Amino acid sequence: MLTQRLANIVFTVLVIIACAYFAVVAQGFEAAGLLASSGLPSRFFPQLLLGFTALCAAVVLYVYASKGEAGDEGQTVFASSAEARHGLLALAAAVVSYVVWLNFGYVVMALICGPLLCLAMGVRNPVIYGVVLALAAGVYLIFTQLLGTQF
Amino acid sequence: MFDAAAVGVAFANLFDPFTMIMLVAGILLGLVIGILPGLGPPIAIALALPFTFYMEAVPSLILLLAIYNAAIYGGSISAIAVGIPGTGAAIATVMDGHAMYKQGRGGEALGLSLTGSIIGGLVSVVCLTFIAPVLAQVAIKFGPREFLAISVFGLVVVVRVAGANLFKGLLVGGLGIFLTTWGLDELNGAERYTFGTYHLYEGIPLVPFLVGIFAVSEVLIGAEKALKRIEFDKTSLTVKIPGLKTLAKLKGNLARSSILGTIIGIIPGEGAAVGAFFAYSEEKRRSKEPEKFGTGIPEGIVAPETANNATVGGALVPTLTLGVPGSPAAAVLLGAFLIQGLAPGPTLFDERPDIMYSLFLGLFFINILLFFIGLFAIRFAAMLIKVPMTVIVPTVLLLSFTGIYAVSNSLFNVGVLLAAGVLGYVVRKLGYSIAPLSIGFVLGPILENSLRQSITIADGSTAEFFNTPIGLGIYAVLALTILWGPISTWVRSRMAGKVEDP
């Protein structure tokens, strides 16, 4: 199982890389016309924050990498492989639902979102699928009939 | 300062039939969401936010305030009945509440939690009514340096209480603020991190980001444990309101917890969970029989439940007067003000006193009605504990998607919601708290503008930068807050050493 230590090391390294990338991008900020000379440059605050965030990430990285003690020694990110599978599949189901909405419209997304998530969670009881679909229909009706939302 | 005409308008606003319906609906909705484990006040408010888009300011804000109040109380029902806190604010209630329930005294525990919640809520509303207008009068004189000090204070405090690791809190706090720098620079029009898309000209939208951080991340976490069954014994669920004798015995506890909760709520960034824990520890510390805490005693229920509801009024003080959220739920509430075209801050009291008084009066009535609704609805509402997560997870996700689209008619915003949800899920799984991330995101624009303006005003002079008595006072309180723990530990260790030396 993925340990908190390894996951945090990878996460902080990614944060530091992202901070460096965004700091470089910030160098290219250009103010518009006459406003360009007013006050501090636009890149000042983002770069200040990126430096601060990278520093914090470096400290967290040091704590995990060198000492390996950050209050969660020996702990794993997921309690079990089943929980990891359910969580990550649910995440994938949410992303797929969004992509389906982009390509096929709201109604198709509303129809598949619930069942996809149920599948991701390992639901076998057909009644749950029925209830979820009925609630999805309820959400659709509330927004279209009561609030007048157009999808 | 007191505007009788505005109070008259506030009464008229509040007793409008639609507003009253929203008030009752908010209480019921808040109770339902509060009872469901994992879905706390910020998520409850976030899910209802899109519906307010179609309403006038007063009914929409009353709806959300009712949800906020009732969700905090609702959390105690599942804490008592099944030992699973419906909200973070009810974690401290589990210890004595569930112990009492297992002894067959569930009705008594529910009655104590309801009474404590109402008393705490009412005390905090009174404090809010008197403190907020005075603070608004003071805050109207605040400049960038004062707002900078308040923002720094709020952020540092929330980072400190959010988790064991200070740097982890600072990291996500910094990340939250950084994300607010995306979009056109308000001061000189530069495009920052827009990546060529016009969707980002106004930056990352607040409401989808907050709903994603709270609701979507919770949905993903809930999906992991969705198949776990909750064992629930519905006996002893009839509420027994404590008698005058019991209340007289608990009056000190009720008063202290109400005041503590209100004060903790006022401190920017602190939430109901902190208030509840603080009050519980304080009552345990003061008790002559601290060993009895956790075994099912009234004091252990009254303290956290009174304090957590008292944080609601407290949290609204900085939110309404300074635009600085007093809790994560208040941060989401700020989104509701923005949807209504209202900018919380000192000028709002001058510009729209009718709305302010409507909110104060509304909160008062919310607490009164919560008592009666709670009294009769608990038995039925508690049945919701049995609703499986496998039904809640897909429904909440679909509601979040649909609600965000309904507010903005923008699929881009739905994408922001999803991305924020994934970010929230990842950081929570890695042991980070999302409170600094959300508060940082709300405070970001205030921090940037006030910092840049302060530096410009100071014109390179450090002395001028700190030439602000109010700001210095706030920094001093912040330093004291940070140093208090280590200093008191050091003093106690020295004292213990002196006692042992001879």
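Just the heavy atoms: all of them, side chains too, but no hydrogens, waters or symmetry mates, feed the values below. None of the values given here were measured: they were computed from a predicted structure.
Top candidate by heavy-atom pairs under 4.5 Å with chain B, chosen from A:Ala57, A:Cys19, A:Ser97, A:Gly148, is A:Ala57. For chain A, the option among B:Leu417, B:Thr180, B:Leu418 with the highest count of heavy-atom pairs below 4.5 Å is B:Leu418.
The CD atom of B:Glu191 sits 10.0 Å away from atom CD of A:Glu30, with the distance rounded to the nearest 0.5 Å. The structure places CD of A:Glu83 at 6.5 Å from NZ of B:Lys429, a figure rounded to the nearest 0.5 Å. The distance from atom CG of A:Leu135 to atom CG of B:Leu398, rounded to the nearest 0.5 Å, is 9.5 Å. Separation of atoms CG (B:Leu171) and OG1 (A:Thr12) is listed at 8.0 Å; rounding is to 0.5 Å. Interatomic distance, A:Tyr64 OH to B:Leu430 CG, rounded to the nearest 0.5 Å: 8.0 Å.
For a residue to count as touching a neighbouring chain, one of its non-hydrogen atoms must lie under 4.5 Å from one of that chain's; by this rule B:Val426 touches chain A with the side chain only. The contact between B:Val427 and chain A is made entirely by side chain atoms (from C-beta outward), counting heavy-atom distances below 4.5 Å. For chain B, the nearby part of A:Ile142 is the side chain; its heavy atoms alone come within less than 4.5 Å. Both the backbone and the side chain of B:Phe178 come within contact range of chain A, with heavy atoms under 4.5 Å apart. With a 4.5 angstrom heavy-atom cutoff, A:Val95 touches chain B via backbone and side-chain atoms both. Both the backbone and the side chain of A:Val77 come within contact range of chain B, with heavy atoms under 4.5 Å apart. In this structure, chain A has heavy atoms under 4.5 Å from both the backbone and the side chain of B:Leu220.
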Practice task
Evaluate the criterion ring pair (Phe, Tyr, Trp, His ring centres under 6.0 Å) for residue pair B:Phe51 and A:Phe143; output intermediate values, then yes/no.
Solution key: CA-CA 9 Å; B:Phe51 294 94; A:Phe143 277 90; 5.1 Å; yes
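Between B:Pro394 and A:Val132, the shortest heavy-atom distance links the atoms CB-CG1, 3.8 Å. Of all heavy-atom pairs between A:Tyr106 and B:Thr402, the closest is OH-OG1, 2.8 Å. Pairing each heavy atom of A:Thr149 with each of B:Ala406, the nearest pair is OG1-CB, 3.6 Å. Annotation for A:Leu88 and B:Tyr425: closest pair N-OH, 4.2 Å, computed over non-hydrogen atoms. The two residues A:Phe22 and B:Phe195 make their nearest non-hydrogen contact at CE2-CZ, 3.7 Å. Between B:Leu170 and A:Cys56 the shortest heavy-atom distance is CB-SG, 3.6 Å.
Listed by first then second residue, pairs satisfying ring-ring contact (aromatic ring centres under 6.0 Å, His included) with a partner in residues 434-453 of chain B read B:Phe209-B:Phe441, not counting sequence neighbours.
One N or O on the side chain of A:Tyr98 and one on the backbone of B:Leu411 form a donor-acceptor pair closer than 3.5 Å. Here the side chain of B:Glu224 pairs no donor or acceptor atom with the backbone of A:Ala90 at under 3.5 angstrom.
With sequence neighbours excluded, the residues satisfying salt bridge (charged side-chain N to carboxylate O under 4.0 Å, His left out) with B:Glu464 are B:Arg145.
With B:Pro388 as the partner, the side chain to side chain contact (heavy atoms under 4.5 Å, CB included) test is satisfied by one option alone out of A:Ile128, A:Val131, A:Val123: A:Ile128.
In this structure, the ring of A:Tyr62 has its center no less than 6.0 angstrom from the ring center of B:Phe167. Here B:Tyr432 and A:Phe11 bring their ring centres to under 6.0 angstrom of each other.
Residue A:Phe104 qualifies as open at atom CZ: its count of foreign heavy atoms under 6.0 Å is 12 or below. At most 12 heavy atoms of other shown residues, nucleotides or ligands fall within 6.0 angstrom of atom CD in B:Glu56. Under a cut-off of 6.0 angstrom, the local environment of OH in A:Tyr21 is sparse, with at most 12 non-hydrogen atoms contributed by other residues, nucleotides or ligands.
Residues from residues 111-120 of chain A that place a non-hydrogen atom less than 4.5 Å from a non-hydrogen atom of chain B comprise A:Cys113, A:Gly114, A:Leu117, A:Cys118, given in numerical order.
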Do any side-chain atoms of residues 40-51 of chain A form donor-acceptor pairs under 3.5 angstrom with protein atoms, and if so which ones, sequence neighbours left out?
unit_1: A:Ser42; atom_1: OG; unit_2: B:Asp185; atom_2: OD2; d: 2.4
unit_1: A:Ser42; atom_1: OG; unit_2: B:Asn188; atom_2: OD1; d: 2.7
unit_1: A:Ser42; atom_1: OG; unit_2: B:Asn188; atom_2: ND2; d: 3.2
unit_1: A:Gln47; atom_1: NE2; unit_2: A:Ala23; atom_2: O; d: 3.0
unit_1: A:Gln47; atom_1: NE2; unit_2: A:Gln27; atom_2: OE1; d: 2.8

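The shortest distance between side-chain heavy atoms of A:Asn8 and B:Lys168 falls below 4.5 Å.
Ring-plane geometry between B:Tyr193 and A:Phe29 is classed as perpendicular, the angle between the planes exceeding 60 degrees on a 0 to 90 degree scale with a lower cut at 30. Relative ring orientation between B:Tyr405 and A:Trp101 is described as tilted, the plane-to-plane angle lying within the 30° to 60° band.
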